[in-house]
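Everything below concerns the one structure shown next.
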Amino acid sequence: QVQLVESGGGLVQAGDSLRLSCAASGRTFSSYAMGWFRQAPGKEREFVAAVDWNGAIRHYAASVKGRFTISRDNAKNTVYLQMNILKPEDTAVYYCAAVRDTRAVVEAGRYYYWGQGTQVTVSS
């Protein structure tokens, strides 16, 4: 059983930065691949970023590549999403997710554990 708690969301202006954090419970965090997804009002949930068990392999959605960075600290059971040069279209609820796999996973359907989400709002 893994519980995920996101934090760090908020209201910012276009061009600003935010760092989201996702704290995981349990003693086997390094056994889990982690991902970030987002869902805007009226839209389907979409993939944002994923990282493998030790942070060596990272995947990004084309819309965030070069602006967002996913990282993890296994000693702290935490995964991060550094978001730079934020745009109004980045406005969404951001969710972190975990799956027991050593590889980075981009498919939402493969993730087993999900956090409650944190709101990110970017004003123009």
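- When the shell of 6.0 Å around CD of Gln3 is examined, it contains 12 or fewer heavy atoms from other residues, nucleotides or ligands.
- The shortest heavy-atom contact between Asn54 and Arg72 is C-CD, 4.2 Å.
- Annotation: side chain of Met83 is in contact with side chain of Leu20 (closest heavy-atom distance under 4.5 Å).
- Hydrophobic cluster membership differs between Phe47 and Phe68, with clusters built from Ile, Leu, Val, Met, Phe, Trp and Tyr side chains linked at under 4.5 angstrom.
- Using a 4.5 Å cut-off on side-chain heavy atoms (C-beta onward), Tyr112 and Val2 make no contact.
- With values rounded to the nearest 0.5 angstrom, Gln13 atom CD is found 9.0 Å from Ser124 atom OG.
- Interatomic distance, Glu6 CD to Trp114 CH2, rounded to the nearest 0.5 Å: 9.5 Å.
- Within a 6.0 Å sphere centred on CD of Glu44, other residues, nucleotides and ligands contribute 12 heavy atoms or fewer.
- Taken to the nearest 0.5 Å, the CD atom of Glu89 stands 10.0 Å off from the CG atom of Leu86.
- Side chains of Val93 and Phe37 form no contact here, defined as non-hydrogen atoms less than 4.5 Å apart.
- When all heavy atoms of Thr78 and Ser21 are compared, the closest pair comes out as CG2-CB, 4.3 Å.
- With rounding to the nearest 0.5 angstrom, the CZ atom of Arg38 is 14.0 Å from the CZ atom of Arg45.
- Hydrophobic clustering, with ILVMFWY side chains joined whenever heavy atoms are under 4.5 angstrom apart, groups Val48 together with Tyr113.
- Side chains of Trp36 and Val79 form a contact here, defined as non-hydrogen atoms less than 4.5 Å apart.
- Of all heavy-atom pairs spanning His59 and Ile57, the tightest one is NE2-CG2, 3.9 Å.
- By the 4.5 Å heavy-atom criterion applied to side chains, Trp53 and Asp101 are not counted as neighbours.
- Summarising the geometry, atom CD1 belonging to Ile85 is positioned 11.0 Å from atom CG belonging to Asp16; distances are rounded to the nearest 0.5 Å.
- Within the 3.5 Å criterion, the main-chain N or O of Val122 finds a donor-acceptor partner in the side chain of Thr91.
- Leu4 and Val106 are not part of a single hydrophobic cluster, where members link through side-chain heavy atoms under 4.5 Å apart.
- You'll find the side chain of Tyr95 reaches within 4.5 Å of the side chain of Gln39, heavy atoms only.
- Here the closest heavy-atom approach between residue Ala49 and residue Leu81 is recorded as CB-CD1, 4.1 Å.
- Across all non-hydrogen atoms, the minimal contact from Ala33 to Tyr111 is O-CE2, 3.9 Å.
- Looking only at side-chain heavy atoms (C-beta outward), Arg67 and Tyr60 stay at 4.5 Å or farther from each other.
- Minimum interatomic distance between Val51 and Arg58 (heavy atoms only, all atoms of both residues): CG2-CG, 4.1 Å.
- Asn77 contributes atom CG, which lies 8.5 Å from atom OG1 of Thr28 (distance to the nearest 0.5 angstrom).
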